[in-house]
Each structure stands twice: as structure tokens, then as C-alpha cells.
Amino acid sequence: TGKLENVMKLSYKPYTLELRHVFTLATSSRNVTPVVLVSVESDGYIGYGEASLPPYLKENQESVIRFLSQLRLGPFSLAQSLEEILVYVHSVEEGNAAAKAAVDIAIHDLYGKAINKAWWQIWGLDRLSAPYTSFTIGIDSEDQIKQKTKEAKDFRLLKVKLGRDTDKMIISAIRSVTNCPICVDVNQGWTDKHYALDMLFWCKEQGVIFAEQPMPKEQIDDMAWLTEKSPIPTIADESFQRLADLDVVKDVFSGVNIKLMKCAGMAEAYCIVEKARLAGMKIMLGCMTETSCAISAAAQLSPLADWADLDGNLLITNDCFRGAELKEGKIISTELPGIGIIPVSFV
Ligand code: MG
């Protein structure tokens, strides 16, 4: 590797994202999300990455920092391939998907910058052909839902969290304000397959275009039954993490929700897209609550998706990057190289 400045240097620090609204799911509420921000430096370039760690995942800031502290990127330089570095990162320890995603994103940003190309260019995609992104309306009172729906007028697809006894009230409240298409995320909230099927037919009548994770991930046979009879596509989220899970979910759901934090980053996400397409599956590209760093990394892939759900950076008040932006209902990557971001208050 020779000269010291060509040696790869990994840095990281914990950071806490402040949420604009208290975020309520079927199982929890919260107003912050812990993340770990990562940078990898080599040859005068700096690549940025991020691990987002919502509390329902196994990883946390401590586990990410423990994983990152084991990495030795010193022997690597831009002379090696990106794949070689990722093989090493994956070899250090099993699991740690979000921690690995942070490094994967930073390495992609670094390599893109070194050849002065964005990843949508490297992958031969048209950045403007991204699908509409959904904007999430959390579980709330009827008046609050109407108010939040009015505030979401820049979006062409609304996402609603269902899975409680207020499901029909929430959809009806939105429909009283807008005709905008809706997608629903049940977060495993419907445990009876017949009830779930009735709800999916009712949802379709209300202009719902697909349903994410209607049933608990343990109920595989019920879920396969539901998908076969459903009038709208079903998308696996909690049931789907990594590339290897595709073999199971391809016969159980109509599509998969790919999130960089679940699948260890951009390299594996790209492979999932290719393999899921061969299996005839729909592709949704999702996110956690994240800064514009991880969102912009996901946006590089979004021209390959049927639906995007990349609103995570819009839900926070202390974003420390600028990158992919909302334009006419779509999250569009910038023309900047790498993952297309600029740090505004990093480290
Ligand atoms: Mg989901």
C-alpha cells in the first residue's frame, strides 16, 4: 500500500436523530432514533456511511461501535476492489447488518468519488426515473391524521401504519381529505387470515395499492394463503432481511421491502433486486429513520424499484447531510459522485 495517505482510515461516532413527530407503530412509540455515523478516508477522498438503529432491531450503538472497532482497513487502499474490502468486512463476524451497511455505504461513496461517478451512473440507471416515494402518516387521532394528510400534499403516495382497531377510521380520515393513492404497513398486526383478507378487499376499495407485512412473520402458511387470495400485492418487511431469505418469501409474498440496514448495504441490495426480479417479485425500497446519508445511498438504487419509501430524513430535525431531494413526489439523487451527498455538520 506504500504511502501513508493511501491507507484507508475508518472513523465513527454515535449521533441521535430527533424526530419531528412522536412516531407510533403497532407495537411502540418513540421520539428519537440512535445512529452511528461512519467515514472512510483514502487518497484525499472521504466516503460517508451510517447505521440507523431503531429500538426494535437487535443492533444498537454499542454493538455497532464494538463491530467497527474490530475492523482493520489499514491494509486496504483504492488499489483493491470494493468487493475485496466488503468480503473482508463480512468475514469479521456474522450478523451486524446495520454496522456492515454503514461501512458498505461509506466504501461505495469513497469509490464513487474516486472515479467521479455517482452509483446510479455506474449502474447505468436514469436518476430521474425513480418511482414515487411514500410519506408515512403515523397512527394518531382522526383530526391529527387529517392535518398530517394535508401537510403531505407534496407526495403522490401516502403510507399508513395499520394493525390496530382504528384501521378503518385512519383510512377513512385520509380519504375525507385526499384521493392520493395509499399503501398500508400493518407491521404484522393482523393475526387472523380471514380478517386480514376482508381488510385487504376493503383497503382495495379505498384506493390502497399494496400492503406491507399484513401478518406475523411466524404465520408463513397463513401469509401464503393470504397472498394467493389478495386483490393487492403483499410485501415482506419483517419477514425479509437478507438475500438468502428470498428463497422462502418468494412463495409467500408478492414482493420484498429492501432496506440497506437489513441487508448490510448497497452491494447486497443490488443483488437482491436482480434475484427478486428473476423470481417475478415486486420491489419496494424502504428505510429506517435516517439522515440524508443512508437515504441518498438507497436513492441510488431507486430507479430499479416499483415503489420507494425513502422519507426517513424528512422525519428528523437534525439532518447532518444534504443529498437526494424530493421532486414532484420522487426522491431524486443528485449529480454528485458516490452516493451524492454533502456533509453540512459532520463531526
Ligand atoms: Mg414496514
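Shown here is Glu94, whose CD atom has no more than 12 heavy atoms of other residues, nucleotides or ligands within 6.0 Å. The 12-atom threshold is not exceeded at NZ of Lys117, counting heavy atoms of other residues, nucleotides or ligands nearer than 6.0 Å. Applying the 6.0 Å contact sphere to NZ of Lys204 captures no more than 12 heavy atoms from other residues, nucleotides or ligands. With a 6.0 Å radius and a threshold of 12 heavy atoms from other residues, nucleotides or ligands, Glu84 has its CD atom above the threshold. Lys193 NZ: more than 12 foreign heavy atoms inside a 6.0 Å radius.
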Could you go through Phe321 and Ser296, starting from their C-alpha distance and side-chain angles, then the distance that decides it, and tell me whether this counts as side chain to side chain contact (heavy atoms under 4.5 Å, CB included)?
CA-CA 9 Å; Phe321 293 93; Ser296 299; over 6 Å; no

Working for side chain to side chain contact (heavy atoms under 4.5 Å, CB included), residues Leu301 and Tyr270
CA-CA 7 Å; Leu301 287 154; Tyr270 189 86; 3.8 Å; yes

May I have the step-by-step check of side chain to side chain contact (heavy atoms under 4.5 Å, CB included) for Asp247 and Lys275, ending in yes or no?
CA-CA 10 Å; Asp247 284 336; Lys275 204 173 163 196; 3.9 Å; yes

Verdict with reasoning, Leu110 to Leu78, per side chain to side chain contact (heavy atoms under 4.5 Å, CB included)
CA-CA 9 Å; Leu110 179 72; Leu78 289 171; 4.0 Å; yes

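A donor-acceptor pair is defined here as one N or O able to donate and one able to accept, closer than 3.5 Å; such a pair exists between the side chain of Gln300 and the backbone of Trp119. The backbone N or O of Gly280 lies less than 3.5 Å from no partner atom in the side chain of Arg277, so there is not a single donor-acceptor pair. Panel note: side chain Ser172, backbone Met169; no donor-acceptor pair is recorded below 3.5 Å.
Using a cutoff of 4.0 Å between basic side-chain nitrogens and carboxylate oxygens, Glu62 and Arg66 are not scored as salt-bridged. The residues Lys159 and Glu212 are annotated as salt-bridged, a charged nitrogen and a carboxylate oxygen being separated by less than 4.0 angstrom. Using a cut-off of 4.0 Å between Lys/Arg side-chain N and Asp/Glu carboxylate O, Asp237 and Lys262 are scored as salt-bridged.
At a threshold of 4.5 Å between non-hydrogen side-chain atoms, the residues Phe76 and Ile107 do not count as touching. Between Met281 and Leu246 there is a side-chain heavy-atom pair separated by less than 4.5 Å. For the pair Ile272/Cys263, a side-chain contact is recorded, criterion being any heavy-atom separation below 4.5 Å from C-beta on. For the pair Cys293/Ile339, a side-chain contact is recorded, criterion being any heavy-atom separation below 4.5 Å from C-beta on. Counting heavy atoms from C-beta outward, Asp192 and Met199 have side chains that stay 4.5 Å or more apart. A heavy-atom distance below 4.5 Å is not found between the side chains of Pro303 and Asp126. Side chains of Thr136 and Lys161 form a contact here, defined as non-hydrogen atoms less than 4.5 Å apart. Residues Val256 and Asp245 fail the side-chain proximity criterion, which asks for heavy atoms closer than 4.5 Å.
Between Ala299 and Ala324, the shortest heavy-atom contact is CB-CB, 3.8 Å. The heavy-atom pair separating Thr334 from Gly323 by the smallest distance is CG2-O, 3.5 Å. Nearest heavy-atom pair across Met261 and Ala294 is CE-CB, 3.8 Å. Across every non-hydrogen atom of Ser292 and Asp319, the tightest pair is OG-OD2, 2.5 Å.
In this view, Lys148 and Asp140 satisfy the salt bridge (charged side-chain N to carboxylate O under 4.0 Å, His left out) rule, not counting sequence neighbours.
Residue pairs meeting the side chain to side chain donor-acceptor pair (under 3.5 Å) criterion with at least one partner in residues 322-333, sequence neighbours excluded, are absent. Judged as a ring pair (Phe, Tyr, Trp, His ring centres under 6.0 Å), the pairs with a partner in residues 207-234 (not counting sequence neighbours) are, in order, His194-Trp225, Phe210-Trp307.
With Glu268 as the fixed residue, the side chain to side chain donor-acceptor pair (under 3.5 Å) test singles out one of His90, Arg242, Lys100: Arg242. When Leu200, Asp221, Val252 are each tested for a side-chain contact (heavy atoms from CB on, under 4.5 Å) with Leu226, only one passes: Leu200.
There is a side-chain donor-acceptor pair under 3.5 Å between Trp190 and Asp167.
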